[in-house]
Amino acid sequence: MARHFDYIIVGSGIAGLYAALMARDNADVLILTKGSIDEANTKYAQGGIAAAIAPDDSAELHLQDTLVAGAGLVNEEAARILATEAPDRIADLVRFGVPFDSIDGAVELSREGAHSRRRILHAGGDSTGAHIELTLSEVARHSRITILEHALAQELLVEDRTAEGVVALDARNNTTEEFTCSHLVLATGGCGQLYRVSTNPPVATADGVALGYRAGAEIMDMEFIQFHPTALRLPGAPVFLMSEAMRGEGGLMYNADGERFMPGYDPRAELAPRDIVARAIVSEMARTGSDRVYLDVTALPPGRAAVRFPQIMRYCANYGLDITKERIPVSPAAHYMMGGVRTNEWGETNIRNLYAAGEVACTGVHGANRLASNSLLETVIFAKRVINRSLDPERHPVEPYGGAIRLPDGAGDPARATGVYRPGGGELTRIGTPGRALLFAETPLSLASLQELMWDKVGIVRDGRGLAEAALTLAMWQSFMGRTPPPTDRPSQELANLLLTGRIVTEAALLRQESRGAHYRTDFPDTLDSWKSVR
Ligand SMILES: Cc1cc2nc3c(=O)[nH]c(=O)nc-3n(C[C@H](O)[C@H](O)[C@H](O)COP(=O)(O)OP(=O)(O)OC[C@H]3O[C@@H](n4cnc5c(N)ncnc54)[C@H](O)[C@@H]3O)c2cc1C
């Protein structure tokens, strides 16, 4: 008989751990995580977590910055919750023992791109995520939470549009076991492994989006993938993030010809939102015929880099680069998934008892582009609300899910036009010219070929032709996969999940015939009011 828990939480990044810790006093909690407990995007977060706690700051200013970065698609209600509840959730993290950096007893706040105030808390300089992950996992290990490592959620058990449990694959011996639960929380993180160049670790394979989609959950805003402008580009060095905070501290960008270029692209220069900086870099690399630009922090006050960026400094030094004396070669990399499993402001999906929290969820707080350091914050804000709502629905009432959806003017199929994918009705649409796609489809499906295709055709700068070619290749690969036996091990399950998610990203990008936030199409370069549709 299947073991039963009050909560099954899939994932052990900040969202999963924090949700489990919030639920543990009143319930039996199982965490399933497909690697070891601390393998998660969270561990790599550098810059920090945003909260309006400075005397010259306010939730309203934080909200305004979030709305501006989100380029017209932010769900204002959810973003207001994010900004307003931030200080309380930071206090929770402090209570759990997260050692945020301070000066003379006061929390040290830094500033990042597109924030109008200093409001970023950090730990260990640029090791915020590692401190959070290690602190929370340590508390979880010493509590009565059941933790199963190397347990990959392979299928959601859903009956009568109600989540009842999961099938988990033991990734060490490829056996499966069923678990049932009263509440199922997806906290599986993002999809960075879809792309050849990515800041995300190997666990970021979009499992939650694929699991949710197959089970009938609505998926939203998947065309909006954030590419971080500055990842280290050094021969022989794996991709490594050069934190946004480096520009916040005064770092400047130069092209391969030694010219500072950001002021020519945006009045905010180096502090412009990530999508603008990433596209400016792509354009400068093309103009100068180089595969990189340079980030310069050599003018920071003496000792400042060592205090603020010790991890980055050490990493670069290992590859012979002294960031206090030399410019850092960088180029953009896939970084964050703005879309995901669609939830309301309590983390509920359209399937009863199925919740999503963290990067896998689409609460709408990021809209078309995430404001730096809002993602760690989003995880704890909505994980807390998931637990509040599920433990006590009477005290936390909410309108039935699936309220009015505002449609863009003159758009075709309403569900798709809003960027919401409602599965269960058969295949994803396919658009394009079969002849061209066949050329691509001749390449056999592998993780590397999928990542290459997504990077080339569904990357920072897109166009209809490339997207259509990608859509057809992905459809063919998926139909080939459909004729082979279902995955029975972790790598093949992850590839199947990435392939399905790659299709959703590509179809969403094809449908959105405009440019907005992180989604930029050369054939539709303008932002159009008719596409400004919020849930
Ligand atoms: C290099 C880097 C720097 C960043 N810097 C910042 C920053 O400074 N500030 C900020 O706000 N954000 C930052 N981010 C983004 C932020 O770290 C993530 O959005 C956030 O940590 C996501 O947390 P999460 O708990 O939702 O997912 P994750 O931390 O990714 O955790 C997901 C968990 O789910 C598990 N999992 C996945 N699929 C399955 C499955 N099928 N079965 C079982 N387990 C599964 C994984 O193993 C993992 O444990 C950064 C991201 C990266 C990669």
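Indexing begins at 1, ligand by ligand and atom by atom, following the structure's order. Heavy-atom basis, side chains included; hydrogens, waters and symmetry copies ignored. All values derive from a computational prediction rather than experimental measurement.
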Is there a donor-acceptor contact under 3.5 Å linking the side chains of Arg292 and Ser331? no
Only pairs at least two apart or in different chains count here, so list each ring pair (Phe, Tyr, Trp, His ring centres under 6.0 Å) that has a residue in residues 357-386.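 Counting only pairs at least two positions apart or across chains, the ring pair (Phe, Tyr, Trp, His ring centres under 6.0 Å) contacts touching residues 357-386 are Tyr336-His366.
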Set of residues that line ligand 1, where lining means a heavy atom lies under 4.0 Å from it: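 Near ligand 1, by chain and number: Val10, Gly11, Ser12, Gly13, Ile14, Ala15, Leu32, Thr33, Lys34, Glu39, Ala40, Asn41, Thr42, Tyr44, Ala45, Gln46, Gly47, Gly48, Ala151, Leu152, Ala153, Ala187, Thr188, Gly189, Thr199, Asn200, Val203, Asp207, Leu241, His335, Tyr336, Gly358, Glu359, Arg370, Ser373, Asn374, Ser375, Leu376, Thr379.
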Closer than 3.5 angstrom, by distance alone: can the side chain of Gln193 be matched with the main-chain N or O of Asn200 as a donor-acceptor pair?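 Answer holds: yes.
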Tell me if a side-chain donor or acceptor on Ser143 pairs with a main-chain N or O of Ala140 at a distance below 3.5 Å.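 Yes, the answer is positive, given that a donor and an acceptor are paired below the 3.5 Å cut-off.
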Suppose we call two aromatic rings close when their centres sit under 6.0 Å apart. Are Phe227 and His335 close by that rule? no
Between the CG atom in Leu371 and the CD atom in Glu244, the distance rounded to the nearest 0.5 Å is 8.5 Å
